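Beneath this line is the structure, given in structure tokens, with notes to follow.
Nothing here was measured: the structure is a model prediction, and the numbers come from that model. Counting starts at 1 for both ligands and their atoms, following the listed order.
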Amino acid sequence: DKDSFLRTFNLSYQQEPSLYEERHLRYINLLGKGNFGSVELCRYDPLGDNTGELVAVKKLQPNKQSNMAEFQREIHTISSLHCENIVKYLGVCYSMGRLNMSLVMEYLPNGSLVSYLEKNRQNVNSKRLLLFASQICKGMEYLQSMRYVHRDLAARNILVASETLVKIADFGLTKIIPFDKEYYRVTHPGESPIFWYAPESITEFKFSHKSDVWSFGIVLHELFSYCEHKQNPKKVSVPSIAMHLVNILKENWRLPAPLHCPPRVYAMMLNCWAYNSEDRPSFSSLGEQIKTYIQDDRD
Ligand SMILES: Cc1cnc(Nc2cc(F)c(C3CCN(C)CC3)c(F)c2)nc1Nc1ccc(F)c(N2CCCS2(=O)=O)c1
């Protein structure tokens with residue numbers, strides 16, 4: 001019931017999250033499925049006359065109780081974030097008594113950055129790519145101000161709200177950095193997207209704002225290659241490849257510049273890919289740099 005729900009999240013009444021009643025949540029179609037569970041498009045239609053709002057509902061993989069605690073942490077994380085470049089939390093929906101729960105978020109009709117750039121490649125120029133990059137930067141700056149590390153910053157986790165607004169989604173791997181440390185160390189690497197990982201995340205499972213900056217560099221590369229997979233590394237993780245990757249990174253190999261990528265943007269990517277985390281720029285300095293590139297209308 002509501003009281004125990006509020007206790008679970010040690011929320012007081014005035015913070016009462018919107019509780020969505022399952023019987024009014026009408027399934028429309030599946031938006032995506034992964035090892036996290038699935039995300040569905042639903043209409044929340046309490047009046048039953050199709051005037052209700054469209055929402056994106058993230059459901060936990062059924063009967064994976066272990067994930068329940070993680071999922072509750074993810075819900076707690078996203079419900080504490082208020083930033084126009086982060087997908088909006090709307091509430092939760094209980095089902096099967098209290099056994100299962102879903103995360104209700106605003107629905108962004110244009111889908112992920114990957115599908116959007118593949119489909120709209122023709123009419124997205126480098127100025128618009130820089131606008132998207134600056135917005136992702138702003139979202140990451142906000143996340144850092146809340147002492148969160150995202151740990152899974154990639155174009156597939158960026159959603160397109162409109163042709164001039166993108167938002168960071170999916171906080172399934174997000175962790176809070178302990179107050180007395182500069183990084184978060186994970187114990188179980190799990191299925192890691194190593195091509196988006198900084199070297200120290202691969203070798204020492206260390207995650208920090210600076211490892212998020214490394215991933216931001218990969219997102220810049222994805223943006224300026226319009227998320228064309230042949231130019232992008234695959235999301236695969238096999239231990240031997242991981243160590244091989246770290247070795248060539250140590251020898252200063254980096255992803256080549258995407259086709260037609262402005263040299264100063266490639267230079268920014270290389271800065272994000274400094275081997276030593278303390279040599280990487282901060283999100284605030286990246287944001288400033290991108291802003292000047294947008295203003296001066298070169299490339
Ligand atoms: C919170 C949220 C809000 N709006 C939306 N709109 C949305 C609208 C769409 F047309 C699509 C697609 C576009 C392409 N065609 C072929 C199929 C539907 C779409 F994928 C999404 N999606 C949200 N979440 C979400 C959905 C789906 C996801 F796979 C993932 N994830 C992916 C990696 C982890 S993840 O869970 O972040 C998050």
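- In this structure, His24 and Tyr44 have perpendicular ring planes: the angle between them is above 60°, well past the 30° mark.
- In this structure, Leu259 and Ser225 have side chains that are not in contact, with every pair of non-hydrogen atoms separated by 4.5 Å or more.
- Listed by chain and number, the hydrophobic cluster partners of Tyr27 are Leu30, where partners are ILVMFWY side chains within reach of under 4.5 Å, directly or through others.
- Between Arg151 and Asp170, none of the side-chain N atoms (NZ, or NE/NH1/NH2) sits under 4.0 Å from a carboxylate O, so this pair counts as no salt bridge.
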Polar pairs, ligand 1 vs protein, N/O only, below 3.5 Å.
residue, atom, partner, partner atom, Å
ligand 1, 4 (N), Leu108, N, 2.8
ligand 1, 6 (N), Leu108, O, 2.7

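- Side-chain atoms of Leu173 and Phe207, non-hydrogen and from C-beta on, never get closer than 4.5 Å to each other.
- Counting only N and O atoms by type, the side chains of Tyr293 and Gln289 include a donor and acceptor under 3.5 Å apart.
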